[in-house]
Amino acid sequence: MNDPAPSSKPDADRQTLHQFGYAQQLLRDMGGFSNFAISFSIISILTGAVTLYGVGLNAGGPVVMSIGWPLVTFFVLFVAAALAELASAIPTSGALYHWASLLGGPSWGWFTAWLNLVGLVATIAGIDFGCAQFITPLLGLEGTNANFFIVFGAILLSHAILNHIGIRVVARLNDFSAIYHVIGVLVVVGALAFFAPKQPVPWLFTKTFTTVTDFPYWFAFLGGLLQAQWTYTGYDASAHTIEETKNARISAPWGIYLSVAVSGVFGFIMLAFVTLAIKDLGAAASASNPFIYILEQALGSGFGRAVLWVVTIAMWFCGLSCVTSTSRMIFAFARDNGMPRSALWAGVSRKYRTPAAAVWLAVALGFLLPSLVIGLVELSKRWQFAKPYEFAQLYPAVVGISTIGLYLSYGLPLWLKLRAIRQGVWSSRANGPWSLGSWSVPVNVIALSWIGFITVLFVLPPNTLTGWIFGGALAALVVLYFVAARGRFQGPIPQAKSQSELLRMEADLER
Amino acid sequence: MGRMVKGRAFRVKFTCFLLRERRPHKFSLNRRGCPSSYVESRMEEYGLIIGAALLILVSLCAWALGAKANAGVQRFRSEHHESFSRRATR
């Protein structure tokens with residue numbers, strides 16, 4: 001077989017990727033806005049703020065919206081900035097996993113990868129199952145588990161097909177999703193501002209409302225931060241799609257950072273207006289979905305139903321981006337032989353230049369998680385446990401797991417970077433163009449402190465179930481590591497020994 | 001300490017830093033002897049100040065981090081532009 005000659009001189013993005021030993025297998029077609037849009041869609045203020053609005057309101061009342069949201073935004077900005085710096089320095093799809101491997105060795109990389117994967121899969125499950133629960137009654141179907149699962153399967157299937165057929169269509173949909181989210185928020189805010197009666201602004205700081213009776217108010221308030229913290233997950237998507245982004249070392253870090261900053265602004269405006277429209281705080285808190293209840297009370301049931309559709313569509317967009325992010329993570333980890341049957345999951349569709357097998361695996365794992373939860377609920381009832389589990393009790397646990405899993409996987413590379421700086425292994429020369437310079441260390445320290453704080457907070461009562469499930473998952477990971485990965489997993493492996501070989505691989509894919 | 005007398009308006013017999021005005025009141029007293037609705041309204045006012053301060057802090061922090069990163073990006077771009085022009089003049 002004749003070796004095909006490289007068609008053209010590689011551009012800066014490809015050259016950077018080659019320096020890390022990887023060929024440009026995925027289609028690099030995303031611009032800066034698309035990269036921002038994918039993270040902004042996963043953060044999805046309409047999804048996170050709406051579905052968990054009741055959690056925040058019940059925990060601490062309006063103060064969770066007026067003080068809690070900006071407080072969480074403040075710290076998450078530090079986490080985003082610290083991750084953005086690393087994305088600029090090491091622009092590969094593996095992102096967190098790859099950073100941890102280079103900074104701390106293969107073992108750290110392996111654990112980071114699995115924590116990230118657990119978090120991402122739990123996010124797909126949480127978002128898409130939530131979407132199914134919203135869409136089922138809107139379609140006029142009965143709210144049974146069987147119907148939820150049929151709709152859930154259909155949603156996942158649509159995400160898989162779109163992600164399979166190309167990043168171009170997914171990127172366009174994400175661009176639309178970003179604009180859709182902004183317009184959605186403006187419609188809700190505009191309607192409330194012009195047509196709804198409102199409480200005075202100081203009412204936003206009504207401090208004494210809580211339905212949590214077992215703990216002091218301040219502790220309940222901290223528990224309510226889960227609402228904002230869960231919303232701010234998944235913005236590592238900009239880093240996972242970095243091999244598909246043009247001008248990656250600058251566009252992707254901005255994508256990470258700006259998605260958090262813009263979500264912070266629009267999220268606060270929306271939450272403030274919705275909270276000011278509350279007529280009866282107690283009735284709103286006890287409603288099945290307080291957000292929709294408040295809108296129905298303020299603007300009528302027709303508007304409430306319309307917003308329900310807006311939110312459901314936003315959730316669908318959010319799930320689509322989650323599948324994109326998870327599939328890129330699986331692809332990158334499998335490319336370095338980190339997964340069982342890695343060769344299969346590292347495969348790239350020649351026709352569409354997407355990690356097709358990884359897309360379908362991400363969707364399958366996303367489907368499996370709620371199935372396991374439902375299975376556990378049914379078993380606990382059939383075996384007549386003293387306290388059988390309820391789905392409504394386990395679903396927030398899935399949300400908690402996605403938050404903790406993702407944030408631990410964000411925290412590990414940040415901690416390893418600080419360790420590398422202290423050991424003199426990492427110098428400013430290793431930074432990419434998107435760099436915080438002398439602020440880097442304090443920003444990393446604040447980010448790590450926040451991650452440590454929320455990890456502990458979200459496994460304390462009343463979230464002990466999350467702690468137990470996550471603890472079990474961690475124990476399983478440790479066992480898996482010693483059985484299957486220790487000594488075998490080598491960390492990032494260059495795909496070729498020379499750049500010309502990488503160019504040949506690329507030319508072969510393009511044929 | 002103040003106390004509630006059935007059938008009569010509430011009379012303030014104490015100094016409470018949270019109270020600046022006196023008016024008839026029908027709510028119960030808290031431990032300090034302040035009517036709880038006054039305490040609540042004061043808390044709301046403090047909350048408003050804290051909230052506004054927090055929003056300013058978050059905005060400043062977001063702007064400062066972004067500006068710092070942007071300076072790094074501009075430096076990188078100018079360095080690369082220089083290297084390109086040097087290469088071009090050789």
Side-chain angles (χ1 to χ4, degrees), chain A residues 12 61-63 65-82 84-85 88-89 199-209 247 249-251 253-254 256-258 260-265 268-269 272 428 431-440 442-443 446-447, chain B residues 16-21 25 27-88 90:
Chain A
V63 174
M65 316 300 157
S66 59
I67 301 278
W69 181 272
L71 188 73
V72 173
T73 306
F74 177 76
F75 287 107
V76 172
L77 277 171
F78 284 85
V79 180
E85 255 197 316
S88 185
Q199 302 275 0
V201 173
W203 191 78
L204 270 179
F205 303 93
T206 306
K207 187 176 95 57
T208 47
F209 180 82
N247 194 18
R249 301 186 83 178
I250 294 171
S251 298
W254 277 124
I256 295 172
Y257 185 72
L258 288 179
V260 170
V262 176
S263 299
V265 173
F268 180 77
I269 293 169
S428 59
N431 286 331
W434 204 101
S435 163
L436 296 168
S438 55
W439 293 10
S440 182
V443 166
I446 294 170
Chain B
C16 173
F17 75 99
L18 288 170
L19 277 174
R20 294 213 178 126
E21 55 182 309
H25 200 275
F27 292 116
S28 61
L29 302 174
N30 69 357
R31 258 184 250 161
R32 276 183 173 151
C34 305
S36 55
S37 74
Y38 285 148
V39 177
E40 183 63 28
S41 69
R42 282 291 152 190
M43 287 302 180
E44 284 170 7
E45 276 181 36
Y46 289 135
L48 190 60
I49 294 164
I50 293 167
L54 187 59
L55 282 181
I56 293 167
L57 179 69
V58 175
S59 308
L60 280 177
C61 170
W63 176 81
L65 286 172
K68 184 78 177 165
N70 193 42
V73 171
Q74 295 307 326
R75 200 178 316 117
F76 176 83
R77 280 190 173 143
S78 63
E79 281 167 10
H80 275 246
H81 177 70
E82 276 173 21
S83 66
F84 282 129
S85 16
R86 246 181 257 141
R87 213 177 290 159
R90 262 179 215 163

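Letters go in sequence order (proteins before strands), and every chain restarts at 1.
- Only the side chain of A:V443 comes within contact range of chain B, with at least one heavy atom under 4.5 Å from a heavy atom of that chain.
- For the residue pair B:F76 and A:P433, the shortest heavy atom distance occurs at CG-CB, 3.3 Å.
- The minimum heavy-atom distance between B:L48 and A:P202, with the atom names listed, is CD2-CG, 4.3 Å.
- Of the inter-residue distances, the one linking A:F268 atom CZ with B:L55 atom CG reads 4.0 Å to the nearest 0.5 angstrom.
- When all heavy atoms of A:N247 and B:R77 are compared, the pair lying nearest together is ND2-NH2, 3.8 Å.
- A:L258 does not touch chain B: none of its heavy atoms, backbone or side chain, sits under 4.5 Å away.
- Residues satisfying the ring-ring contact (aromatic ring centres under 6.0 Å, His included) test with A:W254, not counting sequence neighbours, are A:W434.
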Scan the side chains in residues 72-82 of chain A for donor-acceptor partners under 3.5 Å anywhere in the protein, sequence neighbours excluded, and list what turns up.
| from | atom 1 | to | atom 2 | distance (Å) |
| --- | --- | --- | --- | --- |
| A:T73 | OG1 | A:W69 | O | 2.7 |
| A:T73 | OG1 | A:Y232 | OH | 2.8 |

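- Proximity to chain A (any heavy atom under 4.5 Å) is shown, for B:A64, by both the backbone and the side chain.
- Put simply, of B:L65, B:N70, B:L57, the one with the most heavy-atom pairs under 4.5 Å next to chain A is B:L65.
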